[in-house]
Amino acid sequence: MMFVASFLTFMAIVGFPSFVEEMKVFERERLNGHYGVTPFGIGNTLSALPFLALVALIPDAITYFLPGLHHRYQHFLFFVIILFACMMLVESLMMIVASVVPNILMGIIVGDGIQGIMILVCGFFRLPTDLPKPLLKYPFYHIVFHKYAYQGLFKNEFLGLTSPNAEAGNGGSPTITGEEILKQTWHFETAYSKWVDLAILFAMVVFYRVLFLIVMKTTEKVKLVMVKFMSATRKERTQVTVNPSATPSATPYCADKRQWQ
């Protein structure tokens with residue numbers, strides 16, 4: 001589950017170069033006054049939904065049943081929806097990166113770095129209780145979407161299960177529940193259900209998309225201010241070059257007058 005959720009979302013970054021090209025087309029269309037930032041964001045989101053759904057469905061259909069996970073279609077659909085939300089989040093993240101870093105190589109590096117940090121502090125490689133509290137746990141652990149994706153996926157598989165307890169010979173219970181595994185082994189938060197994790201993921205999708213629109217509008221205004229400033233600076237330099245003297249016509253006038261005399 002961790003591999004599918006992390007690897008596929010991490011590889012979704014390869015769509016960054018094509019989005020950079022879309023941004024170039026959008027800038028030309030925007031200058032021509034055909035449409036604004038909000039229609040572009042809405043249109044890009046709607047056009048990407050079918051392809052993201054296929055990317056989430058096909059790998060899940062291949063990998064979900066191989067390790068012997070739940071065979072009920074409700075659990076499988078939840079698995080697909082979680083991965084679909086993660087794909088939308090990564091695409092939204094790369095849209096924000098593309099609006100700030102238009103260079104393809106630098107954008108991929110920045111996106112990879114952000115994703116790598118998210119995976120490291122999501123609570124899988126290091127348990128949440130083992131993460132250093134300054135910065136890594138507060139706030140990184142609580143704002144990365146991998147945390148809620150992993151918790152939703154693990155709750156989807158473990159809650160409601162009862163397994164033999166390997167420590168039954170040491171005085172423990174002969175069985176162990178899935179909720180105990182999530183609490184004791186993974187230190188996950190079980191106070192809320194998997195549907196809350198899914199709702200948080202889709203809320204983060206909306207937040208990322210709105211943040212993209214804000215960044216685009218802000219960048220557009222900053223570029224406009226910079227263009228006006230550069231135009232004013234060039235105009236002042238041109239005037240100074242053409243008219244370097246306070247009285248440019250005095251000397252030629254006197255020379256012409258003496259010549260006629």
Side-chain angles (χ1 to χ4, degrees), residues 1-23 40-67 69-70 73-101 104 107-125 140 143-157 194-213 215-216:
M1 290 182 290
M2 178 269 171
F3 175 78
V4 174
S6 299
F7 181 74
L8 284 181
T9 54
F10 195 85
M11 293 305 296
I13 227 167
V14 298
F16 181 79
S18 61
F19 184 74
V20 171
E21 297 300 324
E22 291 181 10
M23 290 291 295
F40 170 73
I42 296 174
N44 183 274
T45 301
L46 296 177
S47 62
L49 290 180
F51 301 99
L52 294 178
L54 288 176
V55 172
L57 178 61
I58 295 175
D60 281 1
I62 297 173
T63 60
Y64 182 79
F65 299 102
L66 292 178
L69 300 178
H70 275 294
Y73 72 92
Q74 298 95 333
H75 294 82
F76 172 70
L77 289 179
F78 184 85
F79 192 92
V80 173
I81 295 173
I82 282 281
L83 186 59
F84 173 72
C86 291
M87 298 290 292
M88 290 191 65
L89 276 166
V90 174
E91 185 179 82
S92 303
L93 174 64
M94 295 311 298
M95 290 171 66
I96 296 173
V97 174
S99 61
V100 179
V101 186
I104 295 178
I108 292 177
I109 293 173
V110 173
D112 287 339
I114 295 174
Q115 285 245 66
I117 294 174
M118 287 182 173
I119 294 175
L120 288 177
V121 301
C122 67
F124 184 86
F125 294 101
F140 284 171
I143 64 176
V144 298
F145 69 88
H146 294 83
K147 167 195 172 182
Y148 305 99
Y150 294 159
Q151 288 191 163
L153 292 176
F154 276 73
K155 291 176 184 177
N156 185 48
E157 299 302 325
K194 62 182 181 181
W195 300 105
V196 176
D197 292 308
L198 182 61
I200 292 174
L201 288 176
F202 278 108
M204 294 178 73
V205 171
V206 176
F207 173 76
Y208 276 30
R209 294 285 172 165
V210 173
L211 183 61
F212 167 73
L213 296 179
V215 171
M216 285 292 297

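Please read all numbers here as calculations on a predicted model, not as lab measurements.
For F40, the ring pair (Phe, Tyr, Trp, His ring centres under 6.0 Å) test picks out F26, with sequence neighbours left out. Considering only residues two or more places apart in sequence or on other chains, F202 meets the ring pair (Phe, Tyr, Trp, His ring centres under 6.0 Å) condition with none of them. Shown here are the side-chain hydrogen bond (donor to acceptor under 3.5 Å, both in side chains) partners of Y208, two or more places apart in sequence or in another chain: there are none. Under the ring pair (Phe, Tyr, Trp, His ring centres under 6.0 Å) criterion, F16 pairs with no residue, sequence neighbours left out. Judged as a ring pair (Phe, Tyr, Trp, His ring centres under 6.0 Å), and not counting sequence neighbours, F145 has no contacts.
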Verify side-chain contact (heavy atoms from CB on, under 4.5 Å) between F19 and N44, making sure each step is shown before the conclusion.
CA-CA 10 Å; F19 184 74; N44 183 274; 3.7 Å; yes

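From I117, atom CD1 reaches atom NE2 of H146 across 12.0 Å, with rounding to the nearest 0.5 Å. A distance of 8.5 Å separates CG in L66 from CD1 in I62, rounded to the nearest 0.5 Å. Rounded to the nearest 0.5 angstrom, I109 CD1 and I114 CD1 are separated by 12.0 Å. With rounding to the nearest 0.5 angstrom, the CE atom of M118 is 8.0 Å from the CG atom of L89. To the nearest 0.5 Å, atom CD1 of residue I58 and atom OG1 of residue T63 are 12.0 Å apart. One finds the CG atom of L52 at 12.5 Å from the CG atom of L57 (value rounded to the nearest 0.5 Å).
For Q115 (side chain) and T9 (main-chain N/O), a donor-acceptor pair under 3.5 Å exists by modelled atom type.
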Identify each donor-acceptor pair in which a side-chain atom of residues 73-85 lies under 3.5 Å from a protein atom, sequence neighbours left out, and give them as a table.
none

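Taking the charged nitrogens against the carboxylate oxygens, K194 and E157 have no contact shorter than 4.0 Å, which rules out a salt bridge.
Considering every non-hydrogen atom in both G107 and M94, the closest pair reads O-CE, 3.9 Å. M88 approaches V205 most closely through the heavy-atom pair CE-CG1, 3.6 Å. The two residues G152 and D197 have their closest heavy-atom pair at N-OD2, 3.7 Å. When all heavy atoms are compared, the tightest approach of C122 to I119 is SG-O, 3.1 Å. The two residues E91 and A48 have their closest heavy-atom pair at OE1-CB, 3.4 Å.
By the 4.5 Å heavy-atom criterion applied to side chains, P17 and I108 are counted as neighbours. Using a 4.5 Å heavy-atom threshold, the side chains of M95 and R209 count as touching. Side-chain contact between L198 and Y148 is absent, with no heavy-atom pair separated by less than 4.5 Å. Contact check for S99 versus F212: side-chain heavy atoms found under the 4.5 Å cut-off.
Other residues, nucleotides and ligands place no more than 12 heavy atoms under 6.0 Å from the CZ atom of F207.
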